[in-house]
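What follows is a set of notes on a single structure, which appears directly below.
Keep in mind that the numbers below use all heavy atoms, side chains included, and drop hydrogens, waters and symmetry copies.
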Amino acid sequence: MKITISLTLLLALFAQGLNAQIKADWESGVPEGCTTITVGKNATFDGSVMTSHTDDSHRTRSWMNIVPEQKHGRRDMVTMYNREKDDSRKMPAYKHTPVGEIPQVRNTYGFINSAYPCMNTKQLAIGESTFGGRESLVSEKGLIDCQRLIQLMLERCTTAREAIKMAGDLTKKYGYRDWGECLTIADKKEVWHFEIVGPGKDKVGAMWVAQRVPDNHVSVNANAARILEVDTTDTKNFMYSDNLFDMAKDSAWWNPLEEPFRFAYAYAPESRESMASRRREWRILSMVAPSLELDPEAMDYPFSVEPEQKVTLHKMIEVFKDYYEGTPYDMVGHLKKVTEEGDTIPHPYANPFMPYDKYDLHNIEGGWGKLGERTIARWYTMYGTITQSRDWLPDEIGGLVWMAQDNIATSVYIPIYCSVTDLPESYKTPGRNGFNRNSAWWAFNRMSTLAALRWNDARHDVDKVLLPLQEDIFAKQRETELAAMSMGTKQTIAHLTRYTIDWGNKVVNTAWQIGDDLWTKYDEKF
């Protein structure tokens with residue numbers, strides 16, 4: 001009897017740990033995490049395929065490194081983990097507890113190992129956004145969580161289709177143990193949205209669907225399932241698990257006699273109700289295709305839209321910096337000041353990045369209730385990526401990750417080529433153990449926090465330095481790649497590694513200096 005009670009208690013505690021694993025970054029019962037935007041090759045300014053990701057998290061690690069290509073033994077295994085909240089440190093963090101192993105493959109590709117790995121040496125790139133889904137679908141019996149699934153895709157695959165098929169095979173055999181996720185997977189030719197949920201309590205497997213973004217379109221995921229009807233005859237644009245329809249029908253989440261099957265409403269209906277998600281979907285799609293005049297209160301938007309102009313890196317950065325300024329959903333637009341000359345201007349302290357518990361001081365509310373509006377740019381972003389996969393260049397040059405630290409609204413993107421063998425020391429230095437002058441994330445976190453305290457003055461001080469710096473980075477990219485094209489492969493990789501490290505060091509030093517200057521200039525004015 002004692003053994004039975006102990007085992008029951010152990011299982012209950014384990015299940016609690018599983019729920020805490022992902023919901024530690026949720027707000028009001030829904031994920032408020034990441035935003036990812038995808039762009040097909042005919043919609044971009046240069047023919048590259050793009051995906052992206054803002055790692056909007058209060059706990060995710062700040063450090064990143066390069067994992068090289070590796071050879072493995074025939075009997076080697078790879079460990080799978082359960083991600084759980086860790087409040088034992090100075091700052092909220094995650095810990096990763098082993099839950100099992102799966103067989104390793106003989107050869108794995110190298111990849112850029114950010115908190116959610118973002119690109120491998122074959123130009124395969126992945127973005128991520130949690131949408132949650134039905135709680136009854138989460139199973140602790142599986143081995144593979146979201147972060148490990150991304151890593152497995154990048155270690156083992158070269159194309160999006162290959163990655164999706166492998167994910168389906170592995171999760172069917174070993175089980176998916178996470179909440180509902182959207183992975184946006186880009187290769188040198190195309191980009192897909194892959195949405196996956198668990199198989200149900202105490203089961204091993206997964207339900208998933210994938211939809212291809214048309215080459216001339218832009219799509220988005222913002223913490224809500226986006227795939228609706230699935231054309232089972234269109235293998236060019238859809239892939240799905242063999243249990244997808246039966247599970248929805250057997251669970252009475254879909255009645256085939258009354259309605260078409262829609263993945264989002266069968267498996268993650270609450271996510272489609274979240275204004276935190278829908279407002280971002282509306283804003284992003286409207287920024288690239290304003291003439292569509294999309295309804296900001298709509299429940300569902302097109303899966304993808306054709307942009308009215310080719311999407312540039314500048315446009316991607318503009319979208320990720322956005323916080324609805326100038327729209328009816330600007331949370332701090334009502335905070336004004338009358339100057340001595342009688343002009344009404346935005347108040348210097350009107351801060352779109354204040355923490356939630358300050359909202360009631362300034363009468364802030366919005367579509368997300370007491371949480372106001374869930375803007376695209378966020379103060380709790382750990383890092384952001386914009387990736388380019390370019391099929392006309394050798395892999396070592398063609399695969400490019402633009403990486404920004406902390407709040408994108410006050411950050412700058414550096415180039416990290418998929419072939420680099422190292423990163424600046426400050427990018428590899430952990431930041432969740434407390435303030436650290438050696439951490440790149442802390443350089444930008446400190447600067448952006450100070451800027452937000454007197455936003456409508458300090459933002460201009462930041463832009464005065466960072467906007468020209470970003471232009472300088474873009475301007476030097478072409479000559480750097482031209483030089484690399486004339487080198488052998490080893491020399492190219494060494495050249496690009498030095499280039500990435502030099503820019504990383506420069507932007508981090510600049511962020512520290514801006515922070516010092518803000519503290520000095522606005523002393524007694526914060």
Side-chain angles (χ1 to χ4, degrees), residues 19-20 22-36 53-60 85 87 91-92 128-133 135 179-182 220-226 268-286 295-301 319-335 346-347 349-382 384 406-410 445 448-449 451-453 455-456:
N19 288 338
I22 303 300
K23 283 193 171 181
D25 259 347
W26 291 23
E27 192 70 48
S28 296
V30 296
E32 61 163 352
C34 312
T35 304
T36 176
H53 179 210
T54 53
D55 181 14
D56 303 334
S57 171
H58 305 279
R59 292 179 176 270
T60 301
K85 67 177 183 179
D87 293 325
M91 302 178 71
E128 176 271 345
S129 186
T130 305
F131 61 77
E135 188 163 358
W179 290 84
E181 290 279 354
C182 174
V220 57
N221 192 283
N223 301 129
R226 295 263 290 128
E270 290 184 2
S271 73
R272 292 283 355 125
E273 297 175 2
S274 171
M275 190 58 75
S277 299
R278 287 153 49 201
R279 193 78 81 210
R280 276 177 286 163
E281 294 170 0
W282 162 78
R283 182 61 170 164
I284 291 167
L285 297 177
S286 295
D295 180 358
E297 304 294 329
M299 283 291 292
D300 298 313
Y301 299 100
V319 173
F320 278 118
K321 284 177 177 282
D322 189 78
Y323 51 90
Y324 308 153
E325 185 177 28
T327 76
Y329 310 105
D330 183 346
M331 292 185 296
V332 295
H334 64 288
L335 301 178
H347 199 285
Y349 296 106
N351 171 12
F353 303 115
M354 65 182 72
Y356 297 135
D357 56 6
K358 292 183 70 173
Y359 283 12
D360 55 353
L361 287 176
H362 303 286
N363 192 31
I364 291 175
E365 57 185 26
W368 210 8
K370 67 182 181 67
L371 302 180
E373 297 286 348
R374 201 303 190 181
T375 56
I376 302 167
R378 299 304 273 175
W379 74 92
Y380 51 81
T381 297
M382 297 301 298
D406 200 67
N407 185 347
I408 305 302
T410 43
N445 178 269
S448 65
T449 301
L453 292 176
W455 179 249
N456 282 309

Heavy-atom pair of closest approach, residues [X] and [Y]:
X: Trp179; Y: Gly132; result: CE3-O, 3.5 Å
X: Phe131; Y: Ala225; result: CB-N, 3.5 Å
X: Thr449; Y: Asn445; result: OG1-O, 2.7 Å
X: Ala377; Y: Ala409; result: CB-CB, 4.1 Å
X: Tyr301; Y: Asp295; result: OH-O, 2.6 Å

Under 3.5 Å: donor-acceptor pair, side chain of [X], backbone of [Y]:
X: His347; Y: His334; result: no
X: Thr130; Y: Asn223; result: no
X: Thr54; Y: Gly384; result: no
X: Arg283; Y: Ile376; result: no
X: Arg278; Y: Ala298; result: yes
X: Tyr380; Y: Asp55; result: no

- Query: Does a donor on one side chain and an acceptor on the other come within less than 3.5 Å for Asn407 and Thr381?
  - Reply: no
- Query: Any chance the side chains of Asn221 and Ser129 put a donor and an acceptor closer than 3.5 Å?
  - Reply: yes
Using a strict 4.0 Å threshold on nitrogen-to-oxygen distance, state whether [X] and [Y] make a salt bridge.
X: Asp56; Y: Arg374; result: yes
X: Asp87; Y: Arg59; result: yes
X: Glu373; Y: Arg280; result: no

Does the side chain of [Y] come within less than 4.5 Å of [X]'s, by heavy atoms?
X: Leu285; Y: Val220; result: yes
X: Arg279; Y: Glu297; result: yes
X: Ser448; Y: Trp379; result: no

Return the [atom1] to [atom2] distance between [X] and [Y], rounded to the nearest 0.5 Å.
X: Arg226; Y: Ser271; atom1: CZ; atom2: OG; answer: 10.5 Å
X: Met331; Y: Asn351; atom1: CE; atom2: CG; answer: 9.0 Å
X: Leu335; Y: Ile364; atom1: CG; atom2: CD1; answer: 6.0 Å
X: Glu281; Y: Met299; atom1: CD; atom2: CE; answer: 10.0 Å
X: Tyr356; Y: Leu371; atom1: OH; atom2: CG; answer: 5.5 Å
X: Met382; Y: Ser57; atom1: CE; atom2: OG; answer: 6.5 Å

- Is the centre of the Tyr323 ring less than 6.0 Å from the centre of the Phe353 ring? yes
- Query: Do Tyr329 and Trp282 have their ring centres less than 6.0 Å from each other?
  - Reply: yes
- Start with the C-alpha distance between Met354 and Tyr359, add both sets of side-chain angles, then the distance that settles side chain to side chain contact (heavy atoms under 4.5 Å, CB included), and finish with yes or no. CA-CA 8 Å; Met354 65 182 72; Tyr359 283 12; 3.4 Å; yes
- Any chance you could lay out the side chain to side chain contact (heavy atoms under 4.5 Å, CB included) test for His362 and Val332, step after step, and finish with the verdict? CA-CA 8 Å; His362 303 286; Val332 295; over 6 Å; no
